[in-house]
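By convention here, the first residue in the shown sequence is residue 1.
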Amino acid sequence: MAEGALSGVAKGIVGKAGDLVVQEIALIWGVKDEINKLKETVSTIKAVLMDAEAKQHNSEAIKLWLQRLKDAMFDADDLLDEISTEALRREVMTRNKKAKEVRIFFSKSNQLAYGVRMGHKVKEMRERLVAIAADRQFPLEERCEERQVRYKARQQTHSVVRAEDVIGREDDKKAIIESLLNPNVKENVSVLPIVGIGGLGKTTAAQLVFNDEEIKKHFELKLWVCVSDDFDVEIIVKKILECIESNKQKDVKMKSNKRKDLKMNTLGNDLQKGVQMDTLVNYLQEDINGNRYLLVLDDLWNEDREKWFSLKNVLMGGASGSRILVTTRIKLVAEITQSMQPHLLKGLDDQQSWSLFKKMAFKEGEERKNARFVEIGKEILKKCAGVPLAIRTIGGLLYFKKSEIEWRSFKTNEISKIRQNESDILPTLKLSYDHLASHLKQCFAYCSLFPKDYEIDKSSLINMWIAQGFITLHDKKQCPKDVGHEYFMDLLWRSFFLEVEKDEFGNISKFKIHDLMHDLAIQVMGSESSTIYPKEKDIDEKTRHVSFGDTLHSSSEIPISLYRARRIKTFLLPCQPKYDTISSNDSTYSAIVASFKFIRLLDLHNMGIKTIPSSIKKLKYLRYLDLSKNEHIEMLPNSIVKLYNLQTLKLSECSKLKELPKDINKLINLKFLEIDGCSGLTHMPNGLGQLTNLQTLSRFVMSEGRIDSVPRSYGGLKELGRLNELRGNLSIENLNQVKDAALECKDANLKEKQRLDRLDLNWVGVNIDETGVVCDMSTVEALQPHINLKALRLNRYGGVIFPPSLVTLTNLVRFELYSCKKCQYLPPLDQLPFLKIIELYELDCLEYISDSKRGNSDSLFYPSLETLSIEECPNLDGWWRVRRDSLPSFPRLSDLLISDCYQLTSFPLFPCLEVEKLSLHDCRWKPSLEYKGANLKERQLFDRLALNWVVDITKTDAGYNEMLMEARQPYINLNRLGLVWRRGVIFPRWLMSHTNLVQLELNSCTKCQYLPPLDQLPSLKIIHLFLMYCLEHISDSERDNSYSLFYPSLETLHIWGCPHLKGWWRGRRDSLPSFPRLSDLQITNCPQLTSFPLFPYLKRLVLHGCNFKQSLINNKTSGNLPSIASSSSSPSTIVAPLSKLSFMEIDEALPEECLPNLISLRHLDLGKCPLPQGMRYLTALQRLSVGFSEGVDLSNDCDEMQWQGLRTLLSLQFYELPKLVSLPMGLQYVNSLQNLIIESCRSLIAIPEWICKLISLQSLKIWDCPKLESLPEGIGALTSLQTLRICGFPKLESLPEGFGALTSLQTLRICGFPKLESLPEGISALTSLRTLQIGGCPILLKRCKKQIGEDWHKISHIPNLYLEEPDEEEP
């Protein structure tokens, strides 16, 4: 229980004691008088509790008295819970009054004995409380809680201060941006720390910068990662990759919902599997290398210089001008990370502080009415020390104090007692907490169970509050969820919560808590709440709420002392992985069920659970049970229906769950049932409709059989009939195209469900005959939802048209049609005034969108539509059935995607399009009024434009395409332009007028032979040329090649799949100009390319399928050159050509004469070519990969001295080298090596013993080397090894005993050893080993069988065991 919240517990006891159900059973048991006396006693104590809690900080006696009282109050609450639970059980069991067991259970003697026992307990509890009250030797006053506070807050808008309303940070924002964009910074990737005490707004300042338009245009990649207390490089890299993947998904969505980037899918899968660090680093470097990125590392605490450098090394491949922005409270952290002068964030000045204070403490203009309020306010403001968080919370607190006396009292009696300390603002924030009502104190303090910077789901948190009894209802008609929402908004208004995220309907879905507020929550929660971290041993016996600050794999990680805390009410796992699937043994939850009988919230999500024990019925006080993401659960025990108090049951993503408990109707308090992602469900149970309190039911799955053949235990749609409290989202699945379907659908009574936001209707995917078409339309009519519905999706609907009632849903915000194969006409969607999003996908028969003949007043034409997506509608001719003389305009459309609509010829205008990219894929639009009506020339808000052509344009269409291009002239300020499938030979005249163009992408322009003089575009930084089959030369220009004018801004050049490209110029040149800024060059599959300009300042080079050896030599022999790559205004510096190159991927022999200049090369990937002579010059090399070569035998490629020069090499990979017989001898001298991968080297006969000299090795993978018969006996010398993966040695029969000395080993994978008979005995001593996977080892698997195998004792201590048959490929 939170500090100052005891009165809330007392209020709950009084409420329970007066509950009609408790009173009824108390009368039966003859204990009603005792319960009423208990209620009166608690009410008397409650009257002085607020005064006692306010005075406890100044009196040790009061504090001790409150502690005794608190323990007794909790026990009283549990006792009344027991009585209430018995009443619920009685209610459930007496539903069938004919049942013999019910008559026996409730026989007079049985009830009398139980009643006597409970009467004694109640009497003893009352006497205990009376004794504690009598022991009070100090005076206390009665106080009434100010109930009106909450209702005042309800009248407010509860709006969160927006970024544009941030006060006093404009100068900081400007200074930070200037530093980030400073062209004089020499480093490729530089780090700028923002330093300041907690609450100053470091994160806010970083967000202002991050979202600035200038920053958006300057950086190609923007990433935000919240680091907080735990600085784990692997976790941070994963977070960065997740951020990159999220950005890519948004981009893919812009292009098409169907198209997916292969690499992105691979990355997502690998993140789910928990792959090794080296793989993650490779992914990351592929994404950031050559890109100018901005990475924000928010809330950094790490003071370990080595850890920081290990992260920084991973991030150094970005293009010139890449920046890392760090926010931290600690100056030492800034010193460790900085490569630029830190920005010191200061407090707001007096004027800025007062401006913010006024916003929070007064209504608009109110401060002018009473000068004395202003005087008092400015005195109070001094204690806030210019810290915005403190000003917000104190101002929000004073907003609810309306009299001058209250303000003066606060100034004199409370804030004036706080000692001034600029570095500690927590005491000031504590004042705001002290002024919260008791119910809000409990709710806020409960958030201490979540980690810092955690994104909390608002709906789940409110359900947790309800489960703990924190929600107080003043009226039986009130809904706890709605009251919980009010509590949340009160706390948000007072700045206890921040960074809210809203869903598509404008509802708050997620939020965060400021670090300082999190510290405050921990402080006020005290010892009753604990967050458990690895190796933590001692848990206070009085602890009642626990969460785990790291992933929980098994019961072995639960401290034994926790089981002695018998009154645990919360067991929360907020840190279970989002991607990985946990595997654990059954003892984890069995031990919890056996130990915590008073538990109210039990979170076991993603614990690898396969079966739920029937003993779960013993948790009779349980209100909240989370079993989600346990994908192996197939059935729930029917005993779970004896959890009569259960309110929330979360089963989402339990993909193998086949059915819900058949007696689910006994869960009479169930309100929230989450089953989305339970793809294995075949039906709903009969009786579900009796749960009339149900508010959340994410899916309703109908049986796929005929209505007349469905078993009686299966529930039909009539089960939904009485569930009128449902809210949020509902998906009805397996609707049938049968004659009587509409009759059953009408029983669902959707029209009465006023709180539903979204409805998805999904039909069974079968061929539809004429009867089915009619039936589907009748079904939609019968499933007519309430007018309040905001989103509707129909999937596989078989009707040709839609019922007229659809347009009565005037509050619709989103409308989606998917795979409606018969649909020919849409309803008049322009009559839905709030419709923002339309998605149409796979409507094979759709010919036009609208049949309307009304006038085209722009003000009435889709007035709210912002997003429109039309995909795979092959017969769509246009928006209207008939051609129109004038075209209306979408007044708000900002996001347009049209794909695979080959016949589309007419479309409304979209003058307000503000999207970054207009995506039109495979669409044939005529060059008529629509193009000029689209008016791209006037589209000043466009940042990017992509134009995509239908694939099947004939050869005679070249001139036609050129006409289209001239008609599509965009506004001159365009930054990015992309052309796809263009069949024209020449480019439009307007292209060269776009002098602000930064990026140009030409893709599959198969007829194009020449490009325009792109070097005349002074701002052009990025050129992408893909699949230009007829392109022979880049330039046809005969102008003077003044170096200063040759592509002055170009930084990135990618050329891919241009088989006839011979050179940059048509004719041979005596001298070659240089790209003055080019840092990223990638050329792939251009076999005829022979001449190219110089690229002396390159940082990233990728060459595949082209003869580029001479160009590399040309760059080497061009001599030292003046560099303007850093700044055109700074003095020139002399650089050696290619001396800045840090990343190279190449599949032709690397000329030895180039190597001495490659002093910055960190990553080298060699495919189909040998190691270069002179490798010793690569002194900065960190990662080397050699593979895909039929003729390379590395054992003779380099002498030992060459390898000894690689003093910084961290990662080495050999793969697909069929002639590799032995490893190069010189490798034994690379003492820095941390990661070694040997894969698919099928001639390798031995791993030499000298490999054990690589004492820095942390990860070793040897895969698919079938001639290997053994591993080195001295492998135990690799004491730094953390990960070992060995697979595909059919001849290997035993593992060396040295395995027992691998004391740092955490992950071991063994597969494809058919002759391996046993594990080394020493494995049992590897206490650091967390994961063991064995597959394809039939003999060994038998010996490792749980409990009975001869080798089981060697591995039973390992938390994550995967014992399975082998996969054909490595996961």
Undergrad: Can you name the residues that form a side chain to side chain contact (heavy atoms under 4.5 Å, CB included) with Asn1231, not counting sequence neighbours?
TA: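 If we apply the side chain to side chain contact (heavy atoms under 4.5 Å, CB included) test to Asn1231, skipping adjacent residues, there are no hits.
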
Undergrad: State the CG-CG distance between Leu1236 and Leu1223, to the nearest 0.5 angstrom.
TA: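 Nearest 0.5 Å value for the CG-CG distance: 7.0 Å.
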
Undergrad: Given the ring of Trp1250, does Lys1253 sit roughly above its face, with NZ or CZ under 6.0 Å from the centre of the six-membered ring and within 45° of the axis?
TA: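 No - Lys1253 does not lie over the ring of Trp1250 by the 6.0 Å and 45° rule.
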
Undergrad: Considering only heavy atoms from C-beta outward, does the side chain of Leu1278 approach that of Ile1255 to under 4.5 Å?
TA: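 No, side chains not in contact.
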
Undergrad: Does the ring of Tyr621 carry Arg600 above it, NZ/CZ under 6.0 angstrom from centre and within 45° of its axis?
TA: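 The answer is no; the distance or angle limit is not met.
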
Undergrad: Mark yes or no for whether Asn606, through its side chain, and Ser628, through its backbone, hold a donor-acceptor pair below 3.5 Å.
TA: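 Side chain of Asn606 to backbone of Ser628: no pair is present.
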
Undergrad: Does a donor on one side chain and an acceptor on the other come within less than 3.5 Å for Lys656 and Ser679?
TA: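 Looking only at side-chain atoms, Ser679 and Lys656 do not form any donor-acceptor pair under 3.5 Å.
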
Undergrad: Can you name the closest pair of heavy atoms from Thr1208 and Ser1232 and give their distance?
TA: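 Result for this residue pair: C-OG, 3.6 Å.
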
Undergrad: Using atom types as modelled and distance alone, determine if a side-chain donor or acceptor of Asn302 lies under 3.5 Å from a backbone N or O of Phe231.
TA: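 A pair under 3.5 Å: no.
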
Undergrad: With no hydrogens and no angle check, is any side-chain donor or acceptor of Thr543 less than 3.5 Å from a backbone partner on Asp540?
TA: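 Such a contact is found between Thr543 side chain and Asp540 backbone.
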
Undergrad: So, taking the atom named CG in Leu1363 and the one named CG in Leu1340, what distance separates them when rounded to the nearest 0.5 Å?
TA: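 That separation rounds to 8.5 Å.
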
Undergrad: Rounded to the nearest 0.5 Å, what separation is found between the CZ atom of Arg544 and the CD1 atom of Ile599?
TA: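 Going from CZ on Arg544 over to CD1 on Ile599, the span is 13.0 Å.
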
Undergrad: Verify side chain to side chain contact (heavy atoms under 4.5 Å, CB included) between Tyr1215 and Ile1238, making sure each step is shown before the conclusion.
TA: CA-CA 6 Å; Tyr1215 60 99; Ile1238 305 168; over 6 Å; no

Undergrad: Looking only at the side chains, is there a donor atom on one of Tyr446 and Ser529 sitting less than 3.5 Å from an acceptor on the other?
TA: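 Side chains of Tyr446 and Ser529: no pair found under 3.5 Å.
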
Undergrad: Please check this pair: side chain of Asp304 against backbone of Lys307, looking for a donor-acceptor N/O pair closer than 3.5 Å.
TA: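 Present.
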
Undergrad: Does the side chain of Ser1240 pick up a donor-acceptor pair with the side chain of Asp1264 at under 3.5 Å?
TA: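 Looking only at side-chain atoms, Asp1264 and Ser1240 do form a donor-acceptor pair, the distance falling under 3.5 Å.
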
Undergrad: Side chains of Ser1280 and Ser1256: donor-acceptor distance under 3.5 Å anywhere?
TA: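 Ser1256 and Ser1280 do not have a side-chain donor-acceptor pair below 3.5 Å.
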
Undergrad: Please give me the minimum heavy-atom distance between Leu1302 and Gly1276, naming the atom from each residue.
TA: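 Closest approach of Leu1302 to Gly1276: CD2-CA, 4.0 Å.
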
Undergrad: Give a yes or no on whether a salt bridge exists between Arg1285 and Glu1239, defined as a side-chain N under 4.0 angstrom from a carboxylate O.
TA: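 A salt bridge is absent here (no side-chain N lies under 4.0 Å from a carboxylate O).
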
Undergrad: Might you point out which heavy atoms bring Glu541 and Arg564 nearest each other, and give the distance in Å?
TA: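 That closest heavy-atom pairing would be CG-O, 4.2 Å.
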
Undergrad: If you draw a 6.0 Å radius around NZ in Lys618, do more than 12 non-hydrogen atoms from other residues or ligands fall strictly inside?
TA: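 No, because the 6.0 Å sphere around NZ of Lys618 holds 12 heavy atoms or fewer from other groups.
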
Undergrad: Would Ser652 and Ile675 satisfy side chain to side chain contact (heavy atoms under 4.5 Å, CB included), going step by step from the backbone distance to the final call?
TA: CA-CA 5 Å; Ser652 300; Ile675 52 174; over 6 Å; no

Undergrad: Supply the atom-to-atom distance Leu1292 CG to Ser1270 OG, rounded to the nearest 0.5 angstrom.
TA: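 Going from the CG atom of Leu1292 to the OG atom of Ser1270 covers 7.0 Å.
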
Undergrad: Find out whether Ile1334 and Cys1337 are in side-chain contact, i.e. whether some heavy atom of one side chain is under 4.5 Å from a heavy atom of the other.
TA: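 The answer is yes, as the side chains (C-beta and beyond) meet within the 4.5 Å cut-off.
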
Undergrad: Go through it in stages, so that I can follow the logic: the residues are His605 and Leu627, the test is side chain to side chain contact (heavy atoms under 4.5 Å, CB included), and I'd like the CA-CA distance, side-chain angles, deciding distance and then a yes or no.
TA: CA-CA 5 Å; His605 85 278; Leu627 298 172; over 6 Å; no

Undergrad: Any non-hydrogen side-chain atom of Phe1214 less than 4.5 Å from a side-chain atom of Leu1184?
TA: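 Answer no - side chains too far apart.
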
Undergrad: Quick one: closest heavy-atom pair of Ile609 and His632, and the distance?
TA: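 Taking Ile609 first and His632 second, the nearest heavy atoms are O-CB, 3.9 Å.
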
Undergrad: Where is the tightest heavy-atom contact between Lys629 and Pro577, given as atom of each residue plus distance?
TA: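 Of all heavy-atom pairs spanning Lys629 and Pro577, the closest is NZ-O, 3.7 Å.
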
Undergrad: Does Leu573 offer a backbone N or O that forms a donor-acceptor pair with the side chain of Asp603 under 3.5 Å?
TA: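 Yes; judged by distance alone, with no hydrogens or angles, the pair exists.
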
Undergrad: May I ask you to check whether Phe571 and Phe548 place their ring centres under 6.0 Å from each other?
TA: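 Ring centroids of Phe548 and Phe571 are less than 6.0 Å from each other.
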
Undergrad: Using the side chain to side chain contact (heavy atoms under 4.5 Å, CB included) criterion, which residues pair with Asn313? Sequence neighbours excluded.
TA: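 Testing Asn313 for side chain to side chain contact (heavy atoms under 4.5 Å, CB included), a comparison that skips the adjacent residues, returns Gln1182.
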
Undergrad: Pick one: which of Val546, Leu572, Leu461 meets side chain to side chain contact (heavy atoms under 4.5 Å, CB included) with Leu449?
TA: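 Among Val546, Leu572, Leu461, the one meeting side chain to side chain contact (heavy atoms under 4.5 Å, CB included) with Leu449 is Leu572.
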
Undergrad: Answer whether the closest heavy-atom distance between the side chains of Leu1305 and Leu1284 falls below 4.5 Å.
TA: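 Sidechains of Leu1284 and Leu1305: in contact.
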
Undergrad: Look at the side chain of Thr648 and the backbone N and O of Tyr624, then say whether any donor-acceptor pair between them is shorter than 3.5 Å.
TA: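 Between the backbone of Tyr624 and the side chain of Thr648 there is no qualifying donor-acceptor contact (under 3.5 Å).
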
Undergrad: Rounded to the nearest 0.5 Å, how far does CE of Met525 lie from OG1 of Thr531?
TA: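 These two atoms lie 10.0 Å from each other.
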
Undergrad: Which atoms form the tightest heavy-atom contact between Thr1331 and Ile1358, and what is the distance?
TA: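 Smallest interatomic distance, heavy atoms only, reads N-CG2, 3.9 Å.
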
Undergrad: For the CD1 atom of Ile1286 and the CG atom of Leu1260, what is their distance to the nearest 0.5 Å?
TA: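 Here the rounded value is 8.5 Å.
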
Undergrad: For atom CD1 of Ile1339, is the number of surrounding heavy atoms from other residues, nucleotides or ligands below 6.0 Å larger than 12?
TA: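 Yes - once you tally the heavy atoms of other residues, nucleotides and ligands closer than 6.0 Å, there are more than 12.
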
Undergrad: Spell out, with a plain yes or no, whether Cys1241 and Cys1265 have SG atoms under 2.5 Å apart.
TA: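 Taking the criterion (SG atoms under 2.5 Å apart), Cys1265 and Cys1241 fail it, so no.
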
Undergrad: Do any pairs count as a salt bridge (Lys or Arg N to Asp or Glu O under 4.0 Å) and have a residue in residues 1292-1308, sequence neighbours left out, and if so which ones?
TA: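 The answer is none; no pair qualifies.
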
Undergrad: How about Leu1212 and Val1230: do any of their side-chain heavy atoms sit closer than 4.5 Å?
TA: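 They are not in side-chain contact.
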
Undergrad: Between Lys1291 (side chain) and Pro1266 (backbone), is there a donor-acceptor pair under 3.5 Å?
TA: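 A pair under 3.5 Å: no.
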
Undergrad: Report yes if some heavy atom in the side chain of Arg623 is under 4.5 Å from a heavy atom in the side chain of Leu601; otherwise report no.
TA: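 Of all side-chain heavy-atom pairs linking Leu601 with Arg623, none is under 4.5 Å.
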
Undergrad: For Gln1347 and His1353, test the side chains for any donor-to-acceptor distance below 3.5 angstrom and give the result as yes or no.
TA: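 No, no side-chain donor-acceptor pair sits under 3.5 Å.
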
Undergrad: State, with a plain yes or no, whether a side-chain heavy atom of Ile1262 is found less than 4.5 Å away from one of Leu1268.
TA: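 They are in side-chain contact.
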
Undergrad: For Val227 and Asp298: C-alpha separation, side-chain torsions, deciding distance, then whether side chain to side chain contact (heavy atoms under 4.5 Å, CB included) applies.
TA: CA-CA 6 Å; Val227 182; Asp298 187 34; over 6 Å; no

Undergrad: Against Ile236, only a single residue in Ile240, Asp232, Val233 fulfils side chain to side chain contact (heavy atoms under 4.5 Å, CB included); can you say which?
TA: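 One option only clears the test, and that one is Ile240.
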
Undergrad: Look only at the side chain of Glu1273 and the backbone of Gly1298, and say whether a donor-acceptor pair between them is shorter than 3.5 Å.
TA: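 Checking the backbone N and O of Gly1298 against the side chain of Glu1273, no donor-acceptor pair under 3.5 Å is found.
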
Undergrad: Can you find a heavy atom in the side chain of Ile1251 that is under 4.5 Å from one in the side chain of Leu1227?
TA: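 They are not in contact (no side-chain heavy atoms under 4.5 Å apart), so the answer is no.
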
Undergrad: Please check this pair: side chain of Lys1354 against backbone of Leu1319, looking for a donor-acceptor N/O pair closer than 3.5 Å.
TA: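 Present.
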
